[in-house]
Structures are given as C-alpha cells and as structure tokens.
Number of protein chains: 2
Amino acid sequence: MSNQKKRTSEIRKSMPLLPIGTVIQLTDLTARQIRYYEEHDLIRPHRTEGNQRMFSLNDVDQLLEIKDLLEQGLNIAGIKKVFEMKKEENEHNKIGKELSEDKIRSILREEMKIAQSRLQKPSLRYGDVNRLYQ
Amino acid sequence: MSNQKKRTSEIRKSMPLLPIGTVIQLTDLTARQIRYYEEHDLIRPHRTEGNQRMFSLNDVDQLLEIKDLLEQGLNIAGIKKVFEMKKEENEHNKIGKELSEDKIRSILREEMKIAQSRLQKPSLRYGDVNRLYQ
DNA sequence: TACTGATGTTAGGTTTTCTAACATGACATT
DNA sequence: AATGTCATGTTAGAAAACCTAACATCAGTA
C-alpha cells in the first residue's frame with residue numbers, strides 16, 4: 001500500500017466527517033428516522049458551527065445496528081438498554097470483547113412480548129454493507 | 001475488533017462521502033484552491049444530483065499530495081506530469097510500486113527553474129495528518 | 001375506542017455549496 | 001518600468017442541503 005493511502009486509512013472512525021445526506025445513502029434510513037434516534041439519545045452526532053449534523057463512521061455503524069435491532073423487533077428502550085450493556089462490557093472487559101450472544105439473546109427474550117406481533121420486514125440486514133462498495 | 005467496526009473500515013477509500021466543507025478542514029485548503037485544482041484536472045470529485053461535489057478519502061490524499069508538491073515549488077503542469085507518471089507506473093508495474101524517488105527527483109530538476117525563486121512556506125506537510133486525529 | 005410509538009410530510013428559515021466574474025500579489029518576460 | 005501569467009482571494013446571486021417544529025398516519029395495545 002502506498003504511503004499516502006496508509007495515512008488516510010488511519011483516520012479515526014470517530015471523526016465526524018459525513019453530512020446527513022451521506023449517512024442516509026449509507027444506511028438507507030430516512031432523515032426523520034436518524035433525527036428521531038438522536039432525539040432519543042441512541043446517537044449523538046457532532047454539529048458544525050452552523051448546527052448541521054456531522055456523523056462519524058462509528059455513528060454509521062451504530063445506526064446500522066439500530067436498524068438491525070429494530071428489524072429484530074426491539075423498541076427504542078430495548079436498543080438503549082443493549083447499548084448501555086455494551087458500554088458496560090467495554091468498560092469492565094479491558095479485552096474489549098463484544099456483548100456476548102447470550103446477553104443479546106436475553107435482551108431479545110425480554111423484548112419478545114413487544115416483538116411477537118411485529119412483522120419481520122424483508123430488507124437489508126445489519127452487516128449487509130455491500131451498498132457501501134461502488 | 002468488533003464485527004460492525006470491521007465492516008465499515010472496509011468502506012472503499014474511493015467512495016465519495018465527503019462534502020467540500022469536510023475536505024477543507026481535513027486539508028487546510030480553501031474552497032477556491034480545491035475548485036481550481038479540479039478545474040485543471042488534478043482531481044475529479046463526484047457530483048450529487050444537485051451538483052454538489054463529493055470527495056473520497058483518496059481525493060483527500062490526492063489533495064494533500066498536490067499541496068505538498070506545490071509547497072515543494074512545482075506548478076500545476078508539473079504536478080499533472082507527476083500524476084501521469086504515477087499512473088503509468090501503476091499500469092506497468094503490477095506490483096503497484098510507487099513512483100520511484102529517482103523519477104520524482106528528475107521531475108523536480110525540470111521544475112527547478114520555476115521553483116528556484118519561490119518561498120518555502122512553513123506550513124503543514126504532506127503526510128502531516130495529525131490534524132485528522134481528534 | 002382511545003393511546004402510544006415510530007415514521008411520514010410539510011412549511012419556513014438557515015447553512016452550505018455552486019458558478020462566474022473581477023481583484024490581487026508574486027514572479028517572469030519584454 | 002510595463003505587461004503577462006499563475007495561483008489564490010473576494011464577492012454576488014442562486015441553488016442545494018439541512019434545520020426545527022408541527023401536524024398526520026398507521027399499526028399495535030390497552
């Protein structure tokens with residue numbers, strides 16, 4: 001890999017570089033949805049001086065995860081809980097391991113009553129980022 | 001590294017994700033400069049439907065290289081030649097090696113007459129991307 | 001039936017970006 | 001010294017993108 005390529009590939013994934021329009025394309029969410037999730041503290045995009053939202057790649061990841069969990073039937077509260085637990089995990093486990101599948105399943109069980117009746121919409125899954133590749 | 005992080009880290013560096021405002025911050029170039037370089041075919045950013053420029057990380061790299069070469073005294077024509085030669089190199093050498101230091105020096109010699117009198121402005125160098133890290 | 005949660009839609013205002021034109025300042029040429 | 005060129009600054013007016021706030025919708029729940 002060339003030197004200059006190596007350099008920008010190291011850009012921190014937490015840098016707020018992307019306007020909402022780009023994020024809409026990357027996630028297939030609507031502006032309304034993205035703003036709604038922010039309103040409920042599921043994401044916290046930066047703001048420019050002019051108050052425009054600016055998202056990092058980590059924010060995009062987070063949004064894709066929100067989308068995925070919603071499609072699995074969780075509601076906002078459930079997703080918030082999942083993120084809280086993930087954060088705790090990251091704080092306690094210096095290893096930086098992911099929220100275990102077991103815990104995810106436990107959350108899912110809690111949410112089952114709510115989720116039971118929801119339709120499983122056929123759409124892009126969390127992790128299906130082929131869209132990101134030209 | 002988590003799965004979702006791995007996913008977006010694979011986003012192609014050629015994807016046009018960044019508006020010019022972000023690029024201005026990343027490169028410390030002015031909008032005028034960036035547009036001028038485009039006018040002279042040193043970069044070719046994508047356009048949205050609404051005709052707004054959208055830049056990839058590779059474009060940012062290219063702009064940083066332009067900036068660096070300008071500071072070394074090259075003019076637009078010289079930079080264009082450097083890029084042409086780089087492209088040839090990449091086409092002929094499947095190994096994908098960089099333009100050799102020898103060839104760069106040869107270009108620099110050609111440009112010396114022009115460059116001789118220019119001031120070496122003290123400023124950020126090509127490769128100094130600490131600015132990119134929060 | 002009435003309520004809630006997630007999202008759609010619209011309106012009006014602000015920020016960002018666009019092109020095009022003219023200005024400037026350093027350097028080169030005559 | 002006068003003129004030309006190159007890279008960049010500056011400005012104006014228009015268009016695109018984004019903002020908040022409010023009201024609408026619609027499925028699922030009580």
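Note on naming: letters A, B, ... go to the chains in the order of the sequence lines (proteins, then strands), and numbering restarts at 1 for each one.
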Can you check the A:Leu18 CG to D:dC18 C1' distance for me, whole Å? 15 Å
Which sits closer to the 5' end of DNA chain D, B:Gln33 or A:Gly21, going by the nucleotide each is nearest to? B:Gln33
Test B:Ile43 against B:Phe55 for side-chain contact (heavy atoms from CB on, under 4.5 Å), laying out the working first. CA-CA 9 Å; B:Ile43 43 168; B:Phe55 299 79; 4.1 Å; yes
Check: B:Ile66 and B:Thr27 side chains under 4.5 Å, non-hydrogen atoms: no
Please determine, for the side chain of A:Leu70, which listed nucleotide (C:dT17, C:dT7, D:dA7) has the closest atom? C:dT7
Return the value, rounded to whole Å, for the distance between atom CG of B:Leu42 and atom C1' of D:dC6. 13 Å
Can you find a side chain N or O atom of B:Thr48 that sits less than 4.0 Å from OP1 or OP2 on D:dA17? yes
Going by the ring-ring contact (aromatic ring centres under 6.0 Å, His included) test, which pairs reach into residues 14-39 of chain A, not counting sequence neighbours? A:Tyr36-A:His40
Return the polar atom pairs (N/O with N/O) between nucleotides 19-24 of chain C and the protein under 3.5 Å, or none.
unit_1: C:dT19; atom_1: OP1; unit_2: B:Arg47; atom_2: NH1; d: 3.0
unit_1: C:dT19; atom_1: OP1; unit_2: B:Arg47; atom_2: NH2; d: 3.1
unit_1: C:dT19; atom_1: OP2; unit_2: B:Arg53; atom_2: NH2; d: 2.2

Where do B:Leu69 and B:Val82 come nearest, in terms of heavy atoms and distance? CD1-CG1, 4.2 Å
Check whether any side-chain nitrogen or oxygen of A:Tyr37 sits under 4.0 Å from OP1 or OP2 of C:dT7, and answer yes or no. yes
Does A:Tyr36 put a side-chain nitrogen or oxygen below 4.0 Å from OP1 or OP2 of C:dT7? no
Distance below 4.0 Å between A:Gln52 side-chain N/O and D:dC18 OP1 or OP2: no
Whole angstrom value for the distance that separates P of D:dG9 from CG of B:Leu29: 9 Å
Considering all heavy atoms, the nearest A:Leu42-A:Phe83 contact: O-CE1, 4.1 Å
In whole Å, what is the span from the CG atom of B:Leu69 to the P atom of D:dA7? 13 Å
Distance-only polar pair, side chains of B:Gln72 and B:Asp68, donor-acceptor under 3.5 Å: yes
Check the distance between D:dA7's P and B:Leu74's CG and give it to me in whole angstrom. 11 Å
Sequence-distant partners of A:Glu88, side chain to side chain donor-acceptor pair (under 3.5 Å), two or more places apart: none
Atom CD1 of A:Ile79 to atom C1' of C:dA6: distance rounded to whole Å? 11 Å
Separation of atom CG in B:Asn75 from atom P in D:dT8, rounded to whole Å: 11 Å
Please state how far atom NE2 in A:His40 lies from atom P in C:dT4, giving the value in whole angstrom units. 14 Å
